[in-house]
There are 2 protein chains.
Amino acid sequence: MDAGDGTAEGPAGLSARLGRGDLMAAECPSRAVLRHLTSRWGVLVLIALQSGTHRFSDLRRKVRGVSERMLAQTLQWLEADGMVKRRDFQVVPPRVEYALTPLGVEAAEKVRILADWIEISLPRIVANWEAGEPTE
Amino acid sequence: MDAGDGTAEGPAGLSARLGRGDLMAAECPSRAVLRHLTSRWGVLVLIALQSGTHRFSDLRRKVRGVSERMLAQTLQWLEADGMVKRRDFQVVPPRVEYALTPLGVEAAEKVRILADWIEISLPRIVANWEAGEPTE
DNA sequence: AACCTTTCTGTGCGTACTTACGGAAAGTCA
DNA sequence: TGACTTTCCGTAAGTACGCACAGAAAGGTT
């Protein structure tokens, strides 16, 4: 019965008629954007770029633990979505700089709010890990 | 030289001394929390629960496209982090209700900000997909 | 007795992410 | 000449994600 597929939108497409996305709809393109922005490294890259233009290796140093491969991959996603502007100096050895676009600045702000909350709330969250359910 | 491992924190641990997490540190536990909250379905589940307590199947209907397997998985992550409260009525057929904890309410607010922005900004983002780089 | 209900869990398997490793470019420096 | 620089890409390999499918539980209905 439940094919698990659909958006159950009308003939014209709800989100299309509204002029905005609908993340609860399975086939809405906004799902892809969410995946990029909230990808493992996407969040951290956006935040890192909030402090200004960075070279590739600077980002790699800042976002600790990311591999070259994944950093490049993540930056391509963000660039394709218009969040990040890539500037290639066309020299050897390569020199490439990344910066947030106006769209990226907005996204970074939103993501930053979540990140800050996590960092600040970590003690409370960790308490849950250790506490379990004593009486229940 | 670069082992790609470290947090480069001091002897006591920077984030530990500050009493908060540091997402840029590779080994900080806050990374796991970020992963849970920004997981493919985590974001959508939190938002769905903002409107109140839901049964499992209600959530599955609301968050279109999620499988039973992944919904259960996601809810377990969120429960372990103290974001979601699970209430099992211990009956057959099963009846289980999920609701946000005070911690979850806060997290959902932050995540919601990002989600709303994505939905509203989708037209601008899609424009980037189609535009490419015409002049460059 | 056979079937239905709901919320999961176990199995199997395909897809996607992620890492490690090696290579390429063109000029600089020993 | 050979080593070094930086930013990627190709490949192989490993891990985690995600789905379809089947099964289980206890009682009510047919």
Side-chain angles (χ1 to χ4, degrees), chain A residues 1-6 23 26-27 31-45 48-49 53-81 84-99, chain B residues 1-6 26-27 31-45 48-49 53-80 84-99:
Chain A
M1 186 179 292
D2 180 353
D5 61 296
L23 282 170
E27 299 175 22
R31 285 270 175 99
V33 178
L34 179 66
R35 292 280 279 154
H36 297 163
L37 294 186
T38 64
S39 68
R40 178 162 190 180
W41 305 111
V43 174
L44 302 179
V45 167
L49 286 177
T53 299
H54 284 66
R55 291 192 60 175
F56 184 86
S57 51
D58 290 332
L59 277 175
R60 182 150 149 62
R61 254 185 300 279
K62 205 161 187 173
V63 181
R64 309 211 65 106
V66 67
S67 68
E68 290 185 0
R69 196 84 167 79
M70 278 304 102
L71 180 54
Q73 173 76 271
T74 300
L75 285 167
Q76 284 173 14
W77 287 332
L78 296 178
E79 189 191 3
D81 287 351
V84 163
K85 173 68 180 171
R86 184 188 160 191
R87 185 179 174 198
D88 189 339
F89 287 78
Q90 298 283 22
V91 295
V92 174
R95 174 190 177 82
V96 183
E97 290 183 348
Y98 293 92
Chain B
M1 185 180 290
D2 181 353
D5 60 298
E27 298 174 23
R31 285 268 176 101
V33 178
L34 180 66
R35 293 279 277 155
H36 297 161
L37 294 186
T38 63
S39 68
R40 176 161 192 180
W41 305 111
V43 175
L44 302 180
V45 167
L49 286 176
T53 300
H54 284 65
R55 290 191 62 173
F56 184 86
S57 50
D58 290 333
L59 277 176
R60 181 150 150 63
R61 254 184 301 280
K62 204 160 187 173
V63 181
R64 307 208 67 103
V66 67
S67 67
E68 289 186 0
R69 196 85 167 79
M70 278 304 103
L71 179 55
Q73 173 77 272
T74 301
L75 285 167
Q76 285 172 13
W77 286 333
L78 295 179
E79 189 192 2
V84 163
K85 173 67 179 172
R86 184 194 133 117
R87 185 180 175 197
D88 189 340
F89 287 78
Q90 299 283 22
V91 295
V92 173
R95 175 189 177 82
V96 184
E97 290 183 348
Y98 292 91

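Note that the coordinates shown come from a computational prediction; the quantities given were computed from them, not determined experimentally. Residue numbers begin at 1 in each chain, while the letters A, B, ... track the order of the sequences.
- If you take CG of A/L75 and C1' of D/dC8, they are 11 Å apart, rounded to a whole angstrom.
- The side chain of A/R86 has D/dC8 as its nearest neighbour among D/dC8, D/dA26, C/dC8.
- Following rounding to the nearest Å, B/E97 (CD) and C/dT7 (C1') show an atom-to-atom distance of 13 Å.
- Salt-bridge formation is detected for the pair B/R86/B/D88: a Lys NZ or Arg NE/NH1/NH2 atom is positioned less than 4.0 Å from an Asp or Glu carboxylate oxygen.
- Between A/L71 atom CG and D/dC9 atom P there is a gap of 11 Å when expressed in whole angstrom units.
- Distance, B/R95 CZ to D/dG27 C1': 16 Å, rounded to whole Å.
- Distance from the side chain of B/P93 is smallest to D/dA26 among D/dT5, D/dA26, D/dT7.
- Taking only side-chain atoms of B/A72, from C-beta outward, the nucleotide of D/dT7, C/dT9, C/dT7 with the closest atom is C/dT9.
- Each of C/dC8, D/dT7, D/dA26 was ranked by its minimum atom distance to the side chain of B/V96; first place goes to C/dC8.
- Here the side chains of A/L71 and A/L59 are in contact, with some heavy-atom distance below 4.5 Å.
- Of the possible polar contacts, none joining the B/R95 side chain to the B/Q90 backbone as a donor-acceptor pair under 3.5 Å is found.
- Per the geometry, CG belonging to A/D58 stands 12 Å off C1' belonging to D/dT7, to the nearest Å.
- Nucleotide D/dC8 holds its C1' atom 13 Å from the CZ atom of A/R55, rounded to whole Å.
- Nucleic acid contact class of A/F89 (heavy atoms, under 4.0 Å, all strands): none.
- The distance between atom CD of A/Q76 and atom P of D/dC8, rounded to the nearest whole Å, is 8 Å.
- Here the closest heavy-atom approach between residue B/A26 and residue A/R64 is recorded as CB-O, 3.7 Å.
- Using a 4.0 Å heavy-atom cutoff across all strands shown, A/Q90 reaches no nucleic acid atom at all.
- A/L75 is listed as a side-chain neighbour of A/Y98, based on a closest heavy-atom distance under 4.5 Å.
- Looking at B/R61 and B/D58, a side-chain N of the basic residue comes within less than 4.0 Å of a carboxylate O on the acidic one, giving a salt bridge.
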Tabulate protein N/O versus nucleotide N/O from nucleotides 12-20 of chain C, keeping only pairs under 3.5 Å, one per line.
from: C/dT19; atom 1: OP2; to: A/S67; atom 2: OG; distance (Å): 3.1

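- Below 30°, between 30° and 60°, or above 60°: for A/H36 and A/W77 the angle between ring planes is below 30°, a parallel geometry.
- The separation between B/H36 atom NE2 and D/dC17 atom C1' is 13 Å, rounded to whole Å.
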